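Read through the structure below, which is laid out as structure tokens, and then see the notes.
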Amino acid sequence: MNLTKIRKIYNHKFLWASFLIPTLCFLIYFASHSFNFMTVDLGQQYIDFLAYFQQNALSHPLRLIYSFSNGLGGSMIGTNAYYLASPFNLLLLLFPQKYLVLGVLVIIALKIGTAGASSFYYWQKKFKLSGAYLLAAACAYALCGFVVANYLNLMWLDSVILLPLLLDQIDHLFQDKKSHLILITFLCWLSNFYTGYMVLLFGFCYFIKELFLKDLGKKRTALAIRYFKLSIFGSLLCSFVLLPTFFELIGGKASSQSIWNFKWQFPLYQAALKLMVGSYNYHEMEAGMPNIFIPMSLLLGGIAFFLSNFSKKQKVANGILLVFLILSLSFNPLVLIWHMGQFPIWYPGRFSFILSFFLLELSLFFLEKGVLSNFGKIFLMLIAILLGIFWFLNQHHVAFINPTSLIISLLFLLSALLFTLLVHNNHGLAEHYLLLTVIVEITCNLFLSLNNITFQNNTDYLNFSNNLHDVTTSLTNDFSRIEKTFSRSDDDPFTANYHGISVFNSISNQKVTTLLSNLGYLHNSNSVTNNGGTPITDAILGIKYYLEPNYAHDRIKPELKMQFNNLNNRIDLENYLIHKEYSQLLLLKNPSATPLIYLTQGSLQVPDFDPANPLTNQQLLLNQITDTNLPVIASTFLPNPEGTGVDHQSKSIMAFHKQQNATISRIRFTINIPNDNDFYLQLPAGINTDSASLFINNRQINLDDRDVQAHLINLASHQRGTQMIISFVMHHETIDLSELKLWQIDIRALNQRLADFNSQQPKIHQLGDLSLISNPFVTKSAVNLASSIPYSKNWLIYDLKQNKLLTIFPAYHAFLGTNLQEGKHQLLLIYLPFTFLIGILASLFTLLFIKLHNRVD
């Protein structure tokens, strides 16, 4: 490296430091935790999406348009736009599959460092301050409370990077310079449309503020037109993402209705507690307050801006914007505006990095030109004292405050007060004092905050992924579904590239979710599990293969063992034969699984489902698919319960309350199994781990649920003559088992019916990632074509023998269906994402227009 290059690097030493310091702080923390960094959604959702992206982006790019790993099958365009569109994710393609976890950690660290560098770059152009001051603010921004709390939501971090760059390009408009506002607007929408929207919303507010502050004369209107023109062109340039995503949101997460009211999510003054170091834990992650931590010295500097020698106009304009941001933390209408009309589920205040950035910028204004009067100093001291007293008085009211975090926070508050009142403008080492205290404080906050949560073991994910891949790669040519009696996450199908039914995705198909919930699968608004299935649902959803633990191989090294979590009590899998044995897994084959596309004489209308009786619903749907009314399920007598430490409520024999002073309150049923059918206990809605523990022959059964719904527990299969003792141990004062039911499935009758049905079906196989084809077949009369593939207007069905395009419609409200006439048929199904293609055309026309006009501004 020659002297010139060394000199250039040295001249940019603060820029490099703004990248390296936050990056190293972050990596050092996780190095001290064996680099185990996955927690909550990062370990239960995003890692699966990123694995899917890494495996398919180069080898099967069309799978990023549509995937049968996405629940029962669905578009990936909205999922990509929300989770996977970050340009940083391209770095994963440089990592071998076995180093995926390392690649994700590197990407998060690079994003955090880049946020520091982008803010330093912006502030260096805006303020005439020493590099140390700017570096302190940049490090504070890169590791602000939002970033520390939401590093696991790595798809949002791009917006943290882009915020300073957007404001820089807006400043160029006011300076009459060439502006790259089109490019930055495009990147905001592309990298993550959700937080990108928040950045662009703040950009608009910032533009209005600057329009008010600057003396522009007649240029004001022209500037406004230029700003809106460039913003619109940047948005249109991203049409290929925004247009299809908009339509997917209509049918997904955005379909839920939010109630607009003038209430507050929490008393706003309580947000001051989030200014302490370590103000984070699982409760705060789920349902707490927005994360707004910045170092105390810079926070007081932001407050001092309004107490120092700036013009009234500057204070009013910036004060209005600051109050707007602060009110948005809790006031419901503003919360909804920032979050696209939806209240956040977990991770509150997802725009809070904007508030942190704005406070840091106000602090830099003060550091550059601010002078406090004696009154201002006294007032600032009073604010600091009141803040410290507030923290002290609330130390026992919130779980994240402990003696260590309280003492450290008070020490930093004292240090900040000394800097602002005495050191700033009075000492040659002021900038170094600030830089040192800021780095120490953000490091303390990082360590104390993340010490309040736990992390998953990286090797657990790797062992899970490796073993699943061994199985699924052998089934790639079989167009059917696979499921498991265990799960690491609801998005396991993405990690192992197989067709499952479970999914956890914020952009989900609500009609499919509703249908599966009626069939008994545990779910919530954006996830569906495989818990709740029976041989009936296995058959009608085309689940041809099942995976279960292979406990026979017990000589696996401990560091290579799979963790079999969330075990699903499926005793009825005894009906399936072992297809292949692996070192830690057994692959079972279901001979009764229907093809994913099938012919039926039955109606395709929605059955009259009863949400409280999933097995009845399964029977109804089976009857319509197979066009017969012969029952395969029957209700079974449930014996009278025996109680210990309980009394009956009112006159009901099945409603109980605890006896006073009872050490344990238990309700027990003794059931004799009369035949080899499959038996299921149907728990009423509301019976879960909070209300009771369930034991079957002294073996505890998992009662975790999601949304409130009836729950099926498989009791027996091929266990004629055995006795089942079912015990409920009460956790609450009362329990109502009036809706507890016992069902049985005649498995022989079911298998016979399905064998007859399947023998008449055409064969379907996958022609390409976006196409399916059937073998030639003949229908002797008009029939319906139905499927377990979710309905979408983007599916085209072409009959090669009839030489015509068929009209599609929803079957059973959620699945793909059409009608076939009598005669010869061979069906070609193609998924054609119309809104995506229209969006591409709109983006190309926009790009062409920009190129032809060279400078659209």
Side-chain angles (χ1 to χ4, degrees), residues 17-40 42-43 104-117 119-120 135-154 156-157 160-161 273-285 288-299 347 349 352-353 355-357 359-360 399-413 415-416 434-456:
S18 68
F19 173 83
L20 290 173
I21 291 173
T23 302
L24 292 175
C25 286
F26 180 78
L27 289 177
I28 287 170
Y29 176 81
F30 285 107
S32 68
H33 289 73
S34 302
F35 294 105
N36 293 320
F37 66 99
M38 291 191 294
T39 186
V40 196
L42 176 55
V104 174
L105 178 61
V106 168
I107 284 175
I108 295 172
L110 290 176
K111 287 187 178 188
I112 290 173
T114 307
S119 57
F120 182 89
L135 177 58
C139 291
Y141 177 60
L143 286 175
C144 65
F146 172 89
V147 173
V148 170
N150 290 287
Y151 82 87
L152 56 102
N153 294 300
L154 71 164
W156 295 343
L157 298 182
V160 180
I161 297 168
L273 296 172
K274 300 292 287 186
L275 298 170
M276 300 178 64
V277 295
S279 56
Y280 187 58
N281 56 22
Y282 279 119
H283 173 267
E284 293 301 298
M285 186 189 297
M289 295 176 287
N291 300 285
I292 58 174
F293 168 84
I294 59 172
M296 276 295 108
S297 51
L298 294 171
L299 174 68
Y347 317 114
S352 62
F353 66 95
L355 173 58
S356 297
F357 179 88
L359 281 168
L360 291 169
F400 59 75
I401 301 180
N402 56 54
T404 301
S405 63
L406 178 61
I407 292 171
I408 292 175
S409 296
L410 290 172
L411 288 174
F412 280 122
L413 180 59
S415 172
L434 177 67
L435 177 59
L436 179 62
T437 55
V438 163
I439 292 175
V440 172
E441 189 170 357
I442 61 174
T443 303
C444 286
N445 180 63
L446 173 71
F447 276 65
L448 291 175
S449 294
L450 297 186
N451 282 346
N452 289 334
I453 61 176
T454 57
F455 305 95
Q456 300 166 22

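A quick note: this is a predicted structure, and the numbers were derived from the prediction, not measured. Index from 1, following the sequence.
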Student check: side-chain heavy atoms of V277 and F293 closer than 4.5 Å:
yes

Results of side chain to side chain donor-acceptor pair (under 3.5 Å) for T443 - residues two or more places apart only
none

Please check this pair: side chain of N445 against backbone of G278, looking for a donor-acceptor N/O pair closer than 3.5 Å.
yes

Any side-chain to backbone donor/acceptor pair from E441 onto M296? Under 3.5 Å, distance only.
yes

Rounded to the nearest 0.5 Å, what's the gap from CH2 on W156 to CG on L154? Could you check?
10.5 Å

State the CG-CG distance between L298 and L434, to the nearest 0.5 angstrom.
5.0 Å

What is the distance from atom SG of C25 to atom CZ of F447, rounded to the nearest 0.5 Å?
7.5 Å

Which residues satisfy the side-chain contact (heavy atoms from CB on, under 4.5 Å) test with H33, sequence neighbours excluded?
Y29, N451

Out of curiosity, I294 CD1 to L355 CG, how far, rounded to the nearest 0.5 Å?
7.5 Å

Would you name the heavy atoms of I442 and P295 that are closest together and state the gap between them?
CG2-CG, 3.6 Å

For S356, give me all partners under side chain to side chain donor-acceptor pair (under 3.5 Å), at least two apart in sequence or on another chain.
none

From F30 atom CZ to N36 atom CG, the distance as rounded to the nearest 0.5 Å:
9.5 Å

Going by the rule ring pair (Phe, Tyr, Trp, His ring centres under 6.0 Å), which residues pair with F353 if we only count those two or more places apart in sequence or in a different chain?
F146

In chain order, what residues pass the side chain to side chain donor-acceptor pair (under 3.5 Å) check against S119, with sequence neighbours excluded?
none

Side chain of S409, backbone of S405: donor and acceptor closer than 3.5 Å?
yes

From C444 SG over to F412 CZ, what is the distance, rounded to the nearest 0.5 angstrom?
4.0 Å

List for me each residue that meets side-chain contact (heavy atoms from CB on, under 4.5 Å) alongside L406, sequence neighbours excluded, and say none if there are none.
M276, W391, F392, Q395, I401, L410

side-chain hydrogen bond (donor to acceptor under 3.5 Å, both in side chains) partners of residues 135-152, not counting sequence neighbours, each pair once
N150-N153

Heavy-atom donor-acceptor pair, S415 side chain to L411 backbone, under 3.5 Å
no

Taking only residues two or more places apart in sequence or in another chain, which ones pass salt bridge (charged side-chain N to carboxylate O under 4.0 Å, His left out) with E284?
K274

Mind jotting down which residue pairs meet the salt bridge (Lys or Arg N to Asp or Glu O under 4.0 Å) criterion with at least one end in residues 105-115? Sequence neighbours excluded, please.
K111-D158

Side chain to side chain, T23 and I112, heavy atoms closer than 4.5 Å:
no

Residues forming a side-chain contact (heavy atoms from CB on, under 4.5 Å) with S18, sequence neighbours excluded
L15, A117, F120, L135, A138

Which residues share a side-chain contact (heavy atoms from CB on, under 4.5 Å) with I453, sequence neighbours left out
T39, Y280, Y282, M285, L450, F455

